[in-house]
Amino acid sequence: VPIITLLTDFQDSDGFTGIMKGVIGGIAPEARLVDLAHGVPPGDIPHAAFVLRCAYLYFPAGTIHLAVVDPGVGGSRRALAVQALGQFFVAPDNGLLAWVLHELTAASEPVRAWSLTDPRFRLEPLSTTFHGRDLFAPAAAFLARGIDPAELGPELEARLKPAGELESGPVGPLLPRPDDSPGTGRVVHVDAFGNAVTSIPNPAVGDQAGPDRIGGVVETATGPVEVYGPVTAYARGRSGRAVLVPGSSGLLEIAVSGGSAGRRLGIARGASVRLVV
Amino acid sequence: VPIITLLTDFQDSDGFTGIMKGVIGGIAPEARLVDLAHGVPPGDIPHAAFVLRCAYLYFPAGTIHLAVVDPGVGGSRRALAVQALGQFFVAPDNGLLAWVLHELTAASEPVRAWSLTDPRFRLEPLSTTFHGRDLFAPAAAFLARGIDPAELGPELEARLKPAGELESGPVGPLLPRPDDSPGTGRVVHVDAFGNAVTSIPNPAVGDQAGPDRIGGVVETATGPVEVYGPVTAYARGRSGRAVLVPGSSGLLEIAVSGGSAGRRLGIARGASVRLVV
Amino acid sequence: VPIITLLTDFQDSDGFTGIMKGVIGGIAPEARLVDLAHGVPPGDIPHAAFVLRCAYLYFPAGTIHLAVVDPGVGGSRRALAVQALGQFFVAPDNGLLAWVLHELTAASEPVRAWSLTDPRFRLEPLSTTFHGRDLFAPAAAFLARGIDPAELGPELEARLKPAGELESGPVGPLLPRPDDSPGTGRVVHVDAFGNAVTSIPNPAVGDQAGPDRIGGVVETATGPVEVYGPVTAYARGRSGRAVLVPGSSGLLEIAVSGGSAGRRLGIARGASVRLVV
């Protein structure tokens, strides 16, 4: 019985995710549903794209990831089913899959994609404002029932944009760039604890400088701020100071022990970061 | 195996919904649990009533909807199990089912209701402050196990109030009124995106005026504001302008593309809306 | 098939709880997952400890409670599996289990505990910042599969600290104290409705003074405030006044009918409370 994960910006007050689960329950009652996150800031595609990139590898083969952050709903953006590593991703073609596709491409994993066009696998009449309910949830549910994805619509011959082209989309500027110097990057995500995840990979194990060495500089709302470390754990930073910590996503994070680096220092997504060697 | 949905104002910090699921798990371990929404504003019965109205038809027959927004808990309000369309609704008799009952009545669907009075189907001693745990969750779980609802308590002979009488309850003023002129109504719900759902039905397909025509007027905190459209999708409104969009609930919505109509314009539930023909 | 509950401060925007469920799904796909709460304030161990104490008894035997509020992750605190009453608790040894252990000890229930040290039951390499994913979720999942808890690591011979020693931890000051005079105590939790739960047990059934009698005094941010009652239900307080209400947790609560006692009166956790007899 496959898992279907759900990732949206629907929050928890209007029943939108529950409605999607009702639709799935009517088509694939055996599917196991796992909420990935529903508190993504409204319309924030880069946020959701990063969450999906951190999560999908922790799910077993056969999992179907249903992701709906879709400010262009009802417009011309395509609806996608993507297959890779034995998993499926069902989402609007608006950048939401950009992080995942970037990593799959970098790892030379084969990827196939289909456009969700067949009216047999959607609720009719299709609304123009809630494709999560009418289009994406049914597609995910039919995949959970084991249909051939080619039934959902035409395979995309041109396939997906190579990672380099994604620069122009909302997620592109956050992806690792081939021309990044080692030790430079950007803040790609700020989590609920206020930890700022950077695009710089974690240093090798043991390569920890401690809380009293200046380890880097980050741009904040009020100018450049020095950060200390790296240290091995959030609690090892000195009180009030920003420290570098190897993150669970494989990327260096900037944290303030017992506080929010995002709020205290005014660190926002996109801020440039430079390590001091 | 039936689905039990859960709809509350319990938020996600105190374990209240988890406790209800523990109680259900002890009685009906096979039931599949689906969260509808738990971020309903505390005590906001009209909000929850509208969410339930939008959601229930997307669940398969046999589903049991457990809804607990219950500011009068411990007082004299009845506790109900309602049966219609092959589904059950378990909730306090405080207006939470008013939208659903209004629509069922308008569609001439048969409805039966029972008062939850039998102590065999509750946790004893019954608390006076958490009937979600002690009364409603057990009733829903026993229904999921297939008991005859008549075991829960006496059938309500007088049945439920006809829709007209609901005017006096907290939800009544929001329901469609027989004396509404076509093209006039009220804001009945503001969702997490700030979209304001009105009581005016969506226009027929294709009847879209575009983003440059004034389509209506809505009362806001600072006076009447013109809204444009209707347009077919949120993203088709002009930047910063309020537009009418056919909503996924079958009702016209007022939206601001990329923003919150509720916050930017000060549109609150109950605000009057008038279409310009 | 056992239930695994999840209690964290991970909120709903980053996918952290979803990732834990993915890990569990790969190890124990049959386990049923129940969210207890994920909106615990970041790092707030006393909050989570109280939520767990209110919830666990409502779950059937065999349930595994997975609780991760872990500001010291990556440091020297132990990771625990605790067995009592036919249930398991998997959590950091930072006070998160203090309320539960206090009650189990007071009831002379036998308790066993193991330290999670065996690398066979974790994800390797172990991150230093997300033990919920790498350490606690795998341990809970293997327990759900029925392994002997002794496989997870050494049993703690010294067992757990007696309740008296917990005074020094973050939860200790909130626990019932042997030297509390009857009718005196502290606020131990403020819930999402703003109801302030005290450490004073509910009065016997029927022992209700009504909304017009002064029933106690609570310390607030602006000095002592009189509270009325006890009354039997939140809605029975006079408008705007704080009343004592027997709570569903077995402890007296301070509430404001239709409002938040916490915000309106400035009542915070730790505030002293004294009943007027």
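Here is how names work: the chains are called A, B, and so on, in the same order as the sequence lines, proteins then strands, and each is numbered from 1.
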Original post:
Is the shortest heavy-atom distance from the side chain of B:Thr129 to the side chain of C:Val245 under 4.5 Å?
Top reply: yes

Subject >> Spacing of C:Thr8 atom OG1 and B:Asp12 atom CG [to the nearest 0.5 Å] >> reply: 8.0 Å

Original post:
Hey, is the main chain of C:Ser248 close enough, under 3.5 Å, to the side chain of B:Arg133 for a donor-acceptor pair?
Top reply: yes

Subject >> Contact origin within B:Pro29 toward chain C - heavy atom pairs under 4.5 Å >> reply: both

Original post:
Of the non-hydrogen atoms in C:Val51 and B:Asp14, which two are nearest, and what is the gap between them?
Top reply: CG1-O, 3.5 Å

Original post:
Is a side-chain N or O of C:Arg32 found less than 3.5 angstrom from the main chain of B:Arg32, in a donor-acceptor match?
Top reply: no

Subject >> Whether C:Phe193 and B:Phe16 hold their rings parallel, tilted or perpendicular, with breakpoints at 30° and 60° >> reply: tilted

Original post:
Are any of the side-chain heavy atoms of B:Phe10 and C:Asp191 separated by less than 4.5 Å?
Top reply: no

**OP:** Specify the closest pair of heavy atoms between C:Arg236 and B:Gly75, including all atoms of both residues, with the distance to one decimal.
**Re:** NH2-CA, 3.8 Å

Subject >> Atom group of B:Leu123 that falls short of 4.5 Å from chain C, counting heavy atoms >> reply: side chain

Subject >> Other residues, nucleotides, ligands: >12 heavy atoms within 6.0 Å of C:Arg213 CZ >> reply: yes

Original post:
C:Ala235 and B:Pro71: which non-hydrogen atoms are nearest, and at how many Å?
Top reply: CB-O, 3.9 Å

**OP:** Identify the two heavy atoms, one from C:Ala233 and one from B:Val73, that lie closest to each other, and give their separation to 0.1 Å.
**Re:** CB-O, 3.3 Å

Original post:
Is it the side chain or the backbone of B:Ser13 that comes within 4.5 Å of chain C heavy atoms, both, or neither?
Top reply: both

**OP:** Could you tell me which portion of B:Pro42 (side chain, backbone, both or neither) has an atom closer than 4.5 angstrom to a non-hydrogen atom of chain C?
**Re:** both

Subject >> B:Ile24 side, atom CD1; C:Tyr58 side, atom OH - distance, nearest 0.5 Å >> reply: 14.0 Å

